[in-house]
Amino acid sequence: MVNHPSPAAQLSLRLPTSLKRLADLAYNYWWCWHHEAVSLFVMIDPVEWGRCSHNPIILLQQVSPDRLTQLTCDPQYMKRFAQVLAQFDQYMTGQDTWVNQSLSGVSDKLSSQHPIAYFCAEFGIHESLPVYSGGLGILAGDHLKSASDLGIPMVGIGLLYRQGYFRQRLNREGWQEDYYVDAPFERMALSPVTNSAGQPLTIAVQVRTRQVQAQIWQVQVGRTRLFLLDTDIDGNDPIDRWLTGHLYGGNQETRIAQEILLGIGGVRALEALGIEPAIYHLNEGHAAFCLLEVCRQTMQKTGQAFYDVEKSVRERCVFTTHTPVPAGHDVFSADLIDSFFANYWEALKLTREQFLSLGARRLGDPWEPFGMTVLALRLCRNANGVSRLHGEVSRKMWNVMYPDRSEDNVPIGYITNGVHMSSWIAPLFADLFDGYLGPNWQDHMHDPKLWEQVDQIPDQEIWQRHQILKARLVAHTRSKVRAAREGRGEDWSLVNATNHLLDPSILTIGFARRFSPYKRGDLLLRDTEKALEIFSSTDRPIQIIFSGKAHPADEEGKRIIQRLMEWCRQSDLRDRVAFIEDYDMYTARKLVHGVDVWLNNPRRPLEASGTSGQKVCVNGGLNCSVLDGWWCEGYQADAQGRGLNGWAIGEDAHTSDQALQDKIDSEALYYLLQQEILPLYYDQDANGVPHNWVKMMKASIKTNCPAFNTHRMLIDYVNQMYVPHSLAKVELSLAKV
Ligand SMILES: *Cc1c(COP(=O)(O)O)cnc(C)c1O
């Protein structure tokens, strides 16, 4: 049997000898958080780079041989290429990692043969790999990137969706239309995993009466490997080929089948790959069936019964819950479980009742549906929420499972989310920090002392860079809005109006996230008159950019978007309000790089953590947010209750009257805008530098960046979740990488 060359080797065939290793870079997402590596691709063809969704594989497959030859003769380019390659090789082979320095005691338990297996239904690594929908996926992507940076042995397990998450288009009525686009797997940074005979490695799971085969693809994320399962292969029933068609699409039956593939298939994939995880980390309940398969596998190996292996399995499994809303947790009816698992509980030598009991909140309650969070809480050693407040809410919510414990003693802790700073910082700001914090600041970003040095950056310098990024955001917004208006055949005057949409000198607010009703995307419009007064002011003008999708089934979310679109068209607001369609990681980056203020006004306590506001901090943006999720821990005020590093909107009225709470919060928001935010922003010196504003930017950077990054988060996970209790607790130094 002939071994097919890897996709990277194939791609390199069309590159000149001295540029062949561009293919290695293109097939490792390491490039996307190293700005010099990104620039290597941009320089090949800046226009084409934009057109191909910043996908270097497509770029390199299309670039003309002439252009490549030209580059080989460009000493600047070749020098940069050599530098990036050296940095890449050093990164991939270097032994001087945080793990090797700080965790030597456990590194034999946790190794590349025995990594942490991180299961998630979605991964947001980069916009060119569209297998994410929002916060959960981006968090998972950032988790893998930080694990790679810190040298923590980890592999990711997920699904490869042919059409990913739905795409958003707004019609002339401002109504969201959903559509799907095929992802070109052969033109993405994916390599099929092959067996020793050079054939694609596959695994099988049983879905009802059928055996469904899934191919395993590999995505390289720095040192971390991400394995994605794909059922769209020859030999599968046509229906099963669509099993991995859509992320969070379909009905309950699709959902349970996908979760069987992710959980049970994921464990089988690891086995087929020869990987024996030290720890299984279930990021959200979708993958919880994995626990059953680990039990089955262990029973097979040891010959023991389910209740004998359960304890040792629990030692190896940890779980993170993400949803403070009961309805947000997956549950399946007993009927559905019957039709999918009748064979499976036999393999576990359990009765139907015993099996159903694993997913019932109250043991032995036959009326309970089968809950994935319940299953995960039952069979995992540790569980955590994603912010301090979310930990509390989760303990309360799941107290019912632990009738003999008080709420405080429900075994769910918390680890507050963070973001992978290197992925979310603008190159212009990274460069500024290189100068003032030292060139290796990205290796020490969880060290508060490091960030004290931002005080040394002259106000003028930080402000200038921020203004440039804001101007780029304005340009991005104009081009997206223009394309959307042209696309729906709007009147030419409306198309041309995009030429004066937004103005970089004006205070700019960003609001981008899923349009779920609880996030209250239109809270600002609650009092239309007041909103008009603020937004049509010529004296201290203000502008806002919205972006985000509503779930296809969420009519109320779609109505909120429609209201915002109406607002965008109102003649006196036209230049001050914009909506960017089809929110993705690229638009997210543009927004967090360029906004002055990031607005977040969910109904408390429904935002488990939120991460978008953390992405703003490292770029000097300020948060104006309801005290929910991470902001409860980030926000700092002075003795008079005035924000030092951002603003807190309203207060919790502890009422179930939503209209009342909306009124309180919107009025607080209007007050903050008029009395604090606008005056602070427009208090500028002769050069247009708002010194007090810049002071707050610096305070936000100093206080938020060391805490809300995924390096700190991963270290917390290692310390609290990954290092098995049977091992001596390792003293972890925070400042050392
Ligand atoms: C960060 C991010 C999110 C999460 O935003 P929240 O405000 O935390 O919900 C969602 N989508 C994209 C594209 C992001 O980059």
Side-chain angles (χ1 to χ4, degrees), residues 32-33 53-54 120 122-143 145 164-168 247-248 283-284 322-325 328 386-387 389-390 416-426 473 476 480 509-521 523 545-551 554 557 580-595 597-619 621 623-626 628-634 646 704 708-710 713:
C32 78
W33 73 93
S53 185
H54 316 111
C120 193
E122 51 169 317
F123 286 91
I125 310 285
H126 184 260
E127 59 268 22
S128 59
L129 185 65
V131 293
Y132 65 92
S133 82
L136 181 72
I138 312 288
L139 179 80
D142 282 3
H143 197 104
K145 289 173 186 173
Y165 197 52
F166 80 93
R167 305 283 299 270
Q168 176 193 53
L247 170 58
Y248 305 142
N283 194 44
E284 192 49 309
H322 288 263
T323 320
V325 200
V386 289
S387 69
L389 179 62
H390 180 234
T416 306
N417 284 344
V419 295
H420 186 251
M421 292 287 184
S422 312
S423 293
W424 294 103
I425 190 172
L473 167 61
H476 173 73
K480 293 281 279 192
I509 301 181
F511 183 103
R513 49 183 55 81
R514 191 156 48 86
F515 277 91
S516 264
Y518 83 82
K519 298 196 184 224
R520 298 190 294 187
L523 185 74
I545 307 170
F546 292 99
S547 191
K549 302 173 178 180
H551 188 274
D554 180 3
I580 304 178
E581 280 180 21
D582 204 30
Y583 188 40
D584 70 351
M585 289 179 79
Y586 182 60
T587 287
R589 277 203 305 284
K590 288 284 164 201
L591 278 166
V592 301
H593 291 174
V595 295
V597 173
W598 192 250
L599 179 64
N600 188 20
N601 44 243
R603 280 205 177 96
R604 201 170 180 267
L606 299 185
E607 189 78 278
S609 164
T611 52
S612 56
Q614 302 172 344
K615 301 168 191 165
V616 164
C617 295
V618 73
N619 294 294
N623 279 274
C624 176
S625 168
V626 165
D628 196 7
W630 77 277
W631 192 229
C632 297
E633 295 156 61
N704 292 316
F708 303 106
N709 65 75
T710 35
M713 182 183 90

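Indexing begins at 1, ligand by ligand and atom by atom, following the structure's order. For the single chain, residues carry numbers from 1 onward in sequence order.
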Subject >> Side-chain donor-acceptor pair present, Thr323, Glu284, cut-off under 3.5 Å >> reply: yes

Original post:
Less than 4.5 Å apart, any side-chain heavy atom of Arg589 and any of Lys615?
Top reply: no

Look at the side chain of [X] and the backbone N and O of [Y], then say whether any donor-acceptor pair between them is shorter than 3.5 Å.
X      : Y      : result
Ser387 : Ser609 : no
His593 : Trp424 : yes
Glu122 : Tyr132 : no

**OP:** In plain terms, say whether Lys519 and Glu607 are close enough for a salt bridge, that is, a side-chain N and a carboxylate O under 4.0 Å apart.
**Re:** yes

Tabulated below should be the N or O atoms of ligand 1 paired with protein N or O atoms at under 3.5 Å; can you produce that?
unit_1   : atom_1 : unit_2 : atom_2 : d
ligand 1 : 7 (O)  : Arg513 : NE     : 3.4
ligand 1 : 7 (O)  : Ser612 : OG     : 2.5
ligand 1 : 8 (O)  : Thr611 : N      : 2.7
ligand 1 : 8 (O)  : Ser612 : N      : 3.3
ligand 1 : 9 (O)  : Lys519 : NZ     : 3.1
ligand 1 : 15 (O) : Lys615 : NZ     : 2.6

